[in-house]
Amino acid sequence: MKPGPGRRWLVGAVGLFLFLFVLWVLAVFQLSPASAGTGVLQLRLRSNLAADYTAAPMVRMLRTLRLTVMEDVMRDMGMTDDEASAEMRAMAAMLESPVPTATARSLMGEAPFTPTPTQTPLPTDTPVPTATSTRRPPPATPTETEEPTKKPKPPTADPGPEDTKPPQICCTDVDRPEGPLPVCVIEFLEVEVFDQAYSEGVSSSGVYGRADVDGESDFVNLSGSGDFVAGYGSDWNGIFHGTLTITHGKVGDEVVVFAKAKDEAGNGYYYGEEFIYRLEVDCGS
């Protein structure tokens, strides 16, 4: 009678358990302290080869070195024969010089000091000196000398008041009323001039009659006189008169007539009342 599927599974499980149990027993026996020195599975970790600290043999010995080879190289680099020969002589002299040896730290022959490399600081930018102006030395101090006694200044006279105001023309009378002008003559009957104190007065050379026609002007120096009210420098009054001839203009042009005055101190001109006319004739050439 063949075993069923359930029995085959059970037989397989039991067999696997027995196999694992045997492996466990062997592992315990191998790892126990009693069997540490004579285990079957123990392997040697130390090499069976002896250490050899001698220098490795050279495959080929370098017996001689011809320095003339360097001279040929220098010629190939472009040097002349004289330059290459001079370089070779310098190189030979350098090779023949004794090699410096390090001195022991003491007479017992202790090893010399081993040089320790140090970091070299990088160069920094050096500021370029700028041109500066050199201060001049102070002038030599003059020897103090006794100053002469200053004489007192004499008192200056009071300049007194000044005439700074222009004269005024309070009234102007002419022989013709404003309007049409059938002639080329204007008569200044009376021009009253007043100059306020402080006044230096007004002369006839500073009083004029004037007529403006079409951008042109005609003048006449009025005659007359005046006087101070209360002595020189006080208020001044004067009356002037004269005849003005118009030498410019044609029919229809506008004519502006007025008087003006300037005092003896040069203040002015001051312009008086204006009279406006319209020419009915041609004046001048």
Which of these, V256, D253, V257, T247, sits in a side-chain contact (heavy atoms from CB on, under 4.5 Å) with V213? D253

Does a side-chain heavy-atom distance below 4.5 Å link I186 with V255? no

Give, for atom CD of E274 and atom CG of D212, the distance between the pair rounded to the nearest 0.5 Å. 8.5 Å

Are any non-hydrogen side-chain atoms of N237 and V229 less than 4.5 angstrom apart? yes

Please check this pair: side chain of D282 against backbone of V251, looking for a donor-acceptor N/O pair closer than 3.5 Å. yes

Less than 4.5 Å apart, any side-chain heavy atom of T172 and any of F258? no

Can you confirm whether Y270 sits close enough to D263 that some side-chain heavy atom of one is under 4.5 Å from a side-chain heavy atom of the other? no

If you define the side chain from C-beta out and look only at heavy atoms, does anything of L189 sit under 4.5 Å from H241? no

Considering non-hydrogen atoms only, spot the tightest contact between Y208 and N221 and give its length. CD2-CA, 3.9 Å

Nearest 0.5 Å, what's the NZ-CZ distance between K260 and R210? 5.5 Å

State yes or no: do Y269 and V193 share one hydrophobic cluster built from I, L, V, M, F, W and Y residues joined by side-chain heavy-atom distances below 4.5 Å, directly or via other members? no

Beyond-backbone contact of Y277 with V174, side-chain heavy atoms, under 4.5 angstrom: yes

Check step by step if side chain to side chain contact (heavy atoms under 4.5 Å, CB included) holds for V183 and L181. CA-CA 6 Å; V183 295; L181 184 60; 4.1 Å; yes

Search all heavy atoms of P167 against all heavy atoms of A261 and return the closest pair with its distance. CG-O, 3.9 Å

Membership question, hydrophobic clusters at under 4.5 Å side-chain separation (ILVMFWY): are L279 and F275 in the same one? yes

Heavy-atom side-chain contact between E200 and Y232 under 4.5 Å: yes

Between I169 and E273, is the side chain to side chain contact (heavy atoms under 4.5 Å, CB included) condition met? List the steps. CA-CA 8 Å; I169 298 176; E273 181 183 1; over 6 Å; no

Rounded to the nearest 0.5 Å, what's the gap from CG on D195 to NZ on K262? Could you check? 13.0 Å

Nearest-0.5 Å distance, CG of residue L26 to CZ of residue F21: 10.5 Å

Rounded to the nearest 0.5 Å, how far apart are CD of E87 and CG of D82? 12.0 Å

List the atom of S204, the atom of G224, and the distance in Å for their closest heavy-atom pair. CB-O, 3.9 Å

Checking the side chain of R278 only, and the main-chain atoms of G252 only, is there a donor and an acceptor separated by less than 3.5 Å? yes

Kindly compute the distance separating SG (C184) from NE2 (H248), expressed to the nearest 0.5 Å. 11.5 Å

